[in-house]
> 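Pasting in a structure now, in structure tokens, and then I'll have a few things to ask.
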Amino acid sequence: MFRRQNKIPSAEEILAAQPLPASLQKIKRERDELCKDVIAGRTDKLLVVIGPCSAHEKAPVLEYVRRLGALNEKVKEKLVLVPRIYTNKPRSKGVGYKGMFSQPDPEEKEDIVKGIRTIRELHLQAIELSGLTAADEMLYPENYAYMEDLLTYVAVGARSSENQMHRLVASGIEVPVGIKNNTGGSLPVLLNSIYAAQSPQVFKYHSWQVATEGNQYAHAVLRGMESTSGTDIPNFHYETVMRVAEEYAARSDLHMPAIIIDTNHSNSGKKFAQQIRIVNEVMQNRLYDGGFKKIVKGFMIESFLVEGCQKHDVVFGQSITDPCLGWEDTERLVLSIAENV
């Protein structure tokens, strides 16, 4: 039985009440093009989607993004930095904190209407503060409509990449969509998901029959995989990446072959400090092989102000979900990536 609790305004109503100002729309357009240029291979810059595992409180996220904006000024000739402002948190067991969209205060009850308004306010402040537009995970496809004017990059998670609705909605998104391999690591599933997202589609979305043209900027994100017994198996190594490149090349129906390496999750076994080693290995492989360099377009990195994680929001700027790199390591790592592009 479904108990109705609160009527949620339509996306059109929310966007009208909290619009993206014209001055920030210009930044958004420019940032979108930078991101698209990386995926399409029109630039040698690398894309770095970086930030906390989940955005659970406005103040530390804004401080993180402020620092990232300052760092961007040092590396913008080599990198396109996109802050992670992830406001929907997947839960393996289906229970627990599900992100700011559902629960704007992690210590209070769910309040989706307040969550939507809080998120939009956060994004608007973040763009003004840093000049950077952000990425989020499309955990629930219907939620994307409330954020579509704000995001420069959208991720489809490992547990969602086989879902038909995620694929269909991705086909109508106008910015790059990174689709992660599923937890089992199936390449056919990954490439079929990308194909579906790149293809025109007709489906029901927010009470409308909609038609899309397909998203040519949909691409692969390698996040590692899990064995049937739950053991983490990395897929960022040279041999695995080149196998994905070969599978891409064998598919004439796929556009703009591109891979982003997720340095955490099953690639690191959620050992956050390993992200540094993983980035360094991938950068070395880009130097070693031109084909590897051509298809690997960047990284997803989990980092926050304070390294590690905590169960409750006590330490300012520390994750309450998966553990992250701290700011000092983050800054060194980003500068190192830029130096070696």
Side-chain angles (χ1 to χ4, degrees), residues 26-52 64-85 126-127 129-135 151-155 175-178 217 219-223 236 238 241-242 245 256-264 267-268 273-305 324-341:
K26 181 177 183 293
I27 294 173
K28 169 74 163 60
R29 287 192 298 270
E30 292 171 350
R31 297 276 303 159
D32 290 355
E33 290 307 308
L34 286 172
C35 195
K36 289 178 180 178
D37 285 346
V38 174
I39 299 302
R42 294 188 289 263
T43 177
D44 289 332
K45 294 180 181 179
L46 281 180
L47 178 66
V48 180
V49 180
I50 187 166
Y64 181 91
V65 172
R66 183 194 68 77
R67 295 186 192 184
L68 201 65
L71 183 57
N72 181 65
E73 290 302 307
K74 299 179 182 179
V75 300
K76 63 184 180 181
E77 299 305 317
K78 297 292 186 70
L79 307 179
V80 177
L81 296 185
V82 177
R84 287 171 56 111
I85 301 182
I127 300 170
L129 191 62
S130 68
L132 304 178
T133 47
L151 299 174
T152 280
Y153 186 93
V154 176
V175 298
V177 175
Y217 296 93
H219 58 275
V221 178
L222 300 184
R223 50 83 71 197
F236 67 88
Y238 175 83
V241 171
M242 294 311 293
M256 300 181 189
I259 295 171
I260 299 292
I261 303 296
D262 178 346
T263 61
N264 214 5
N267 271 331
S268 69
Q274 293 297 315
Q275 294 182 104
I276 299 170
R277 177 185 61 81
I278 291 167
V279 167
N280 289 336
E281 179 177 322
V282 172
M283 293 303 293
Q284 284 296 316
N285 285 334
R286 290 182 86 249
L287 294 173
Y288 169 73
D289 189 301
F292 188 102
K293 180 178 180 179
K294 184 177 181 180
I295 199 167
V296 174
K297 306 291 188 179
F299 300 97
M300 286 186 177
I301 301 170
E302 294 195 346
S303 95
F304 211 178
L305 300 177
C324 300
L325 290 175
W327 177 254
E328 292 77 13
D329 284 335
T330 296
E331 186 172 36
R332 283 192 292 269
L333 183 58
V334 169
L335 291 172
S336 174
I337 295 171
E339 185 178 343
N340 291 285
V341 169

> Between Val80 and Arg31, is any pair of side-chain heavy atoms under 4.5 Å apart?
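Touching, per the 4.5 Å side-chain cut-off.
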> Take Val296 and Val241 through the side chain to side chain contact (heavy atoms under 4.5 Å, CB included) test and state the conclusion after the steps.
CA-CA 8 Å; Val296 174; Val241 171; 3.7 Å; yes
> How many angstroms lie between atom CG of Asp262 and atom CD1 of Ile301, to the nearest 0.5 angstrom?
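Between Asp262 CG and Ile301 CD1, I get 9.5 Å after rounding to 0.5 Å.
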> Below 6.0 angstrom between ring centroids: does that apply to Phe304 and Trp327?
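When the ring centroids of Phe304 and Trp327 are compared, they turn out to be at least 6.0 Å apart.
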> His219 side chain to Val177 main-chain N or O, any donor-acceptor pair under 3.5 Å?
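Between the backbone of Val177 and the side chain of His219 there is a qualifying donor-acceptor contact (under 3.5 Å).
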> Using 0.5 Å steps for rounding, measure from the CZ atom of Arg277 to the CD atom of Gln274.
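So the gap between those two atoms works out to 4.5 Å.
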> Show the nearest heavy-atom pair for residues Val82 and Ala134, with the distance to one decimal.
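The pair with the smallest heavy-atom distance is CG1-C, 3.6 Å.
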> Apply side chain to side chain contact (heavy atoms under 4.5 Å, CB included) to the pair Tyr153 and Met300, showing each step before the final yes or no.
CA-CA 11 Å; Tyr153 186 93; Met300 286 186 177; 3.5 Å; yes
> Before you tell me yes or no, could you show the steps for Tyr64 and Ser303 under side-chain hydrogen bond (donor to acceptor under 3.5 Å, both in side chains), namely the whole-Å CA-CA distance, both residues' side-chain angles and the distance that decides it to 0.1 Å?
CA-CA 9 Å; Tyr64 181 91; Ser303 95; 2.4 Å; yes
> Among residues at least two apart in sequence or on other chains, which ones pass salt bridge (Lys or Arg N to Asp or Glu O under 4.0 Å) with Arg84?
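Listed in chain order: Glu302.
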> Would you compute the distance between atom NZ of Lys294 and atom CD1 of Ile259 and round it to the nearest 0.5 angstrom?
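It comes to 12.5 Å.
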> Give a yes or no on whether a salt bridge exists between Arg332 and Glu328, defined as a side-chain N under 4.0 angstrom from a carboxylate O.
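No.
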> Checking side chain to side chain contact (heavy atoms under 4.5 Å, CB included) against Leu47, which of Val38, Leu81, Leu79 comes through?
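Running side chain to side chain contact (heavy atoms under 4.5 Å, CB included) over Val38, Leu81, Leu79 with Leu47 returns exactly one hit, Val38.
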> Do any N or O atoms from the side chain of Asp329 and from the backbone of Leu325 form a donor-acceptor pair under 3.5 angstrom?
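No, because the side chain of Asp329 does not come within donor-acceptor range (under 3.5 Å) of the backbone of Leu325.
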> Roughly how far apart are Ile261 CD1 and Phe236 CZ, rounded to 0.5 Å?
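Spacing of CD1 (Ile261) from CZ (Phe236) equals 8.5 Å.
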> Do other residues, nucleotides or ligands put more than 12 heavy atoms under 6.0 Å from Lys28 NZ?
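Yes, enclosed.
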> Show the numbers, then the answer: is there a side chain to side chain contact (heavy atoms under 4.5 Å, CB included) between Ser268 and Ile278?
CA-CA 8 Å; Ser268 69; Ile278 291 167; 3.9 Å; yes
> Only pairs at least two apart or in different chains count here, so list each side chain to side chain donor-acceptor pair (under 3.5 Å) that has a residue in residues 33-48.
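Output for this query lists Asp37-Arg42, Arg42-Tyr217.
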> Does Gln275 form a side-chain hydrogen bond (donor to acceptor under 3.5 Å, both in side chains) with Thr263? I'd like the steps, not just the answer.
CA-CA 5 Å; Gln275 294 182 104; Thr263 61; 2.9 Å; yes
> Asn72 side chain to Leu132 main-chain N or O, any donor-acceptor pair under 3.5 Å?
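Absent.
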> I'd like to know whether Leu46 forms a side chain to side chain contact (heavy atoms under 4.5 Å, CB included) with Lys78, so could you lay out the CA-CA distance, the side-chain angles of the two residues, the decisive distance to 0.1 Å, and finally the verdict.
CA-CA 7 Å; Leu46 281 180; Lys78 297 292 186 70; over 6 Å; no
